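Only a predicted model underlies this, so the values are computations on that prediction, with no experimental measurement involved.
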Amino acid sequence: MSSAPDCLRHSLFGGASERCHRSASAGGASADAQAPNAPNEDEDACREAALRLLDAAPRSSGALRDRLVGKGYAEDVADRVIARLIEVRLLDDREYAESVVRICANRMMGRRGAAMELARKGVDRMLASQVTEEAEQNGVFEEAAWELGRSVARKTQGLDRQVRQRRFWAAGGRKGHNPAILREVAAELLR
């Protein structure tokens, strides 16, 4: 009989050699020695995961924290990594929130719709309120309502007035616009 260990013989014949090499590495300690649901305490690995996530798409600190904890990193490790990313300005919730509001305005959404989108993306409620308030003061959402009105007016040209207004009000409601602005736009564009 051969003097090769059983795991080597198995690998020669298509067996599970990976398991043998894993258990043989690091002095016989298995890579699976950590409990399956135990949080990962490796800060460097967490930082690398955070940078990969941010490279793939911009995120709020809340959404990034949720993703890191979901990947199995300990909450305190994720918090330290996020604090460092904020410190070196690789993560900026305010800038992210402003970009989300700009995207919402381009999609002809109103303040309520933008606030819901910010909440869905993990932006702090207080920051979301501040950013949407500033956008509203700058007329961003009013302009979005007018653009929505122009779009609906173009698409419904030739239809009955009530049908046009119903479609506009439905779209404005779905997108989270202020009813007072919708009333003004409907009176002007959908006569």
Side-chain angles (χ1 to χ4, degrees), residues 31 34-152 154-155 168-185:
Q34 194 178 41
N37 293 330
N40 188 344
E41 298 287 334
D42 187 4
E43 196 166 323
D44 290 332
C46 184
R47 183 175 27 261
E48 288 299 317
L51 291 172
R52 277 193 307 277
L53 287 168
L54 289 173
D55 191 38
R59 299 172 196 279
S60 67
S61 59
L64 182 60
R65 183 182 188 280
D66 291 345
R67 288 293 301 269
L68 292 173
V69 170
K71 285 179 170 277
Y73 294 102
E75 290 181 9
D76 61 324
V77 172
D79 289 340
R80 284 195 306 269
V81 167
I82 289 171
R84 179 65 180 147
L85 291 174
I86 291 170
E87 183 181 322
V88 297
R89 296 186 175 164
L90 289 175
L91 189 60
D92 185 349
D93 279 353
R94 181 165 192 80
E95 183 180 306
Y96 176 72
E98 289 171 353
S99 77
V100 169
V101 168
R102 280 191 302 275
I103 291 168
C104 288
N106 288 338
R107 291 171 47 202
M108 297 178 277
M109 293 174 76
R111 180 178 179 168
R112 192 175 31 121
M116 289 172 44
E117 186 72 7
L118 288 168
R120 187 180 71 78
K121 291 185 176 271
V123 174
D124 177 62
R125 187 177 291 187
M126 191 78 130
L127 177 61
S129 177
Q130 290 172 353
V131 171
T132 55
E133 177 65 32
E134 288 171 12
E136 187 168 50
Q137 288 175 355
N138 292 330
V140 171
F141 300 125
E142 185 172 353
E143 181 55 40
W146 280 96
E147 185 60 35
L148 178 64
R150 287 188 287 272
S151 174
V152 170
R154 264 191 320 274
K155 291 177 182 177
F168 172 67
W169 278 94
R174 279 192 309 273
K175 291 182 176 279
H177 283 286
N178 181 342
I181 295 172
L182 292 179
R183 220 175 280 111
E184 182 182 334
V185 172

Interatomic spacing from [atom1] in [X] to [atom2] in [Y] - rounded to 0.5 Å:
X: R84; Y: D79; atom1: CZ; atom2: CG; value: 16.0 Å
X: L53; Y: L91; atom1: CG; atom2: CG; value: 11.0 Å
X: S61; Y: L85; atom1: OG; atom2: CG; value: 10.0 Å
X: D92; Y: S60; atom1: CG; atom2: OG; value: 11.5 Å
X: L54; Y: L64; atom1: CG; atom2: CG; value: 5.0 Å

Candidate pair V100 and V131, rule side-chain contact (heavy atoms from CB on, under 4.5 Å), full reasoning: CA-CA 10 Å; V100 169; V131 171; over 6 Å; no

I'd like to check F168 versus V185 (side-chain heavy atoms, cut-off strictly below 4.5 Å). Are they in contact? yes

So do D93 and V123 actually touch side chain to side chain, heavy atoms under 4.5 Å? no

If you take all heavy atoms of [X] and [Y], which pair is closest and at what distance?
X: C46; Y: V81; answer: SG-CG2, 3.8 Å
X: A128; Y: L118; answer: CB-CD1, 3.7 Å
X: V69; Y: A78; answer: CG2-CB, 4.3 Å
X: A56; Y: R59; answer: CB-NH2, 4.5 Å
X: V101; Y: F141; answer: CG1-CZ, 3.9 Å
X: A114; Y: M109; answer: N-CE, 4.2 Å

Would L90 and L51 count as a side-chain contact (heavy atoms from CB on, under 4.5 Å) if you check the C-alpha gap in whole Å, the side-chain angles of each, and the deciding distance to 0.1 Å? CA-CA 9 Å; L90 289 175; L51 291 172; 4.0 Å; yes

Flag, side chain of K175 to backbone of R107, donor-acceptor distance under 3.5 Å: yes

Between the side chain of H177 and the main-chain N/O of A171, is any donor-acceptor distance below 3.5 Å? no

What pairs with R120 under side chain to side chain donor-acceptor pair (under 3.5 Å), at least two apart in sequence or on another chain? E117

Non-neighbouring partners of [X] that pass side chain to side chain contact (heavy atoms under 4.5 Å, CB included), sequence neighbours left out:
X: D124; value: M126, L127
X: D44; value: D42, R47
X: P58; value: Y96

Might you work through the side-chain contact (heavy atoms from CB on, under 4.5 Å) test for V77 and L68, ending with a clear yes or no? CA-CA 9 Å; V77 172; L68 292 173; over 6 Å; no

R80: salt bridge (Lys or Arg N to Asp or Glu O under 4.0 Å) partners, not counting sequence neighbours: E43, D76

Output, in order, the C-alpha distance, side-chain angles, deciding distance and verdict of side-chain contact (heavy atoms from CB on, under 4.5 Å) for W169 and R183. CA-CA 9 Å; W169 278 94; R183 220 175 280 111; 4.1 Å; yes

Which residue pairs pass the side-chain hydrogen bond (donor to acceptor under 3.5 Å, both in side chains) test with at least one member in residues 134-149, sequence neighbours excluded? R94-E134, R111-E136, E133-Q137, E143-R150, E147-R150

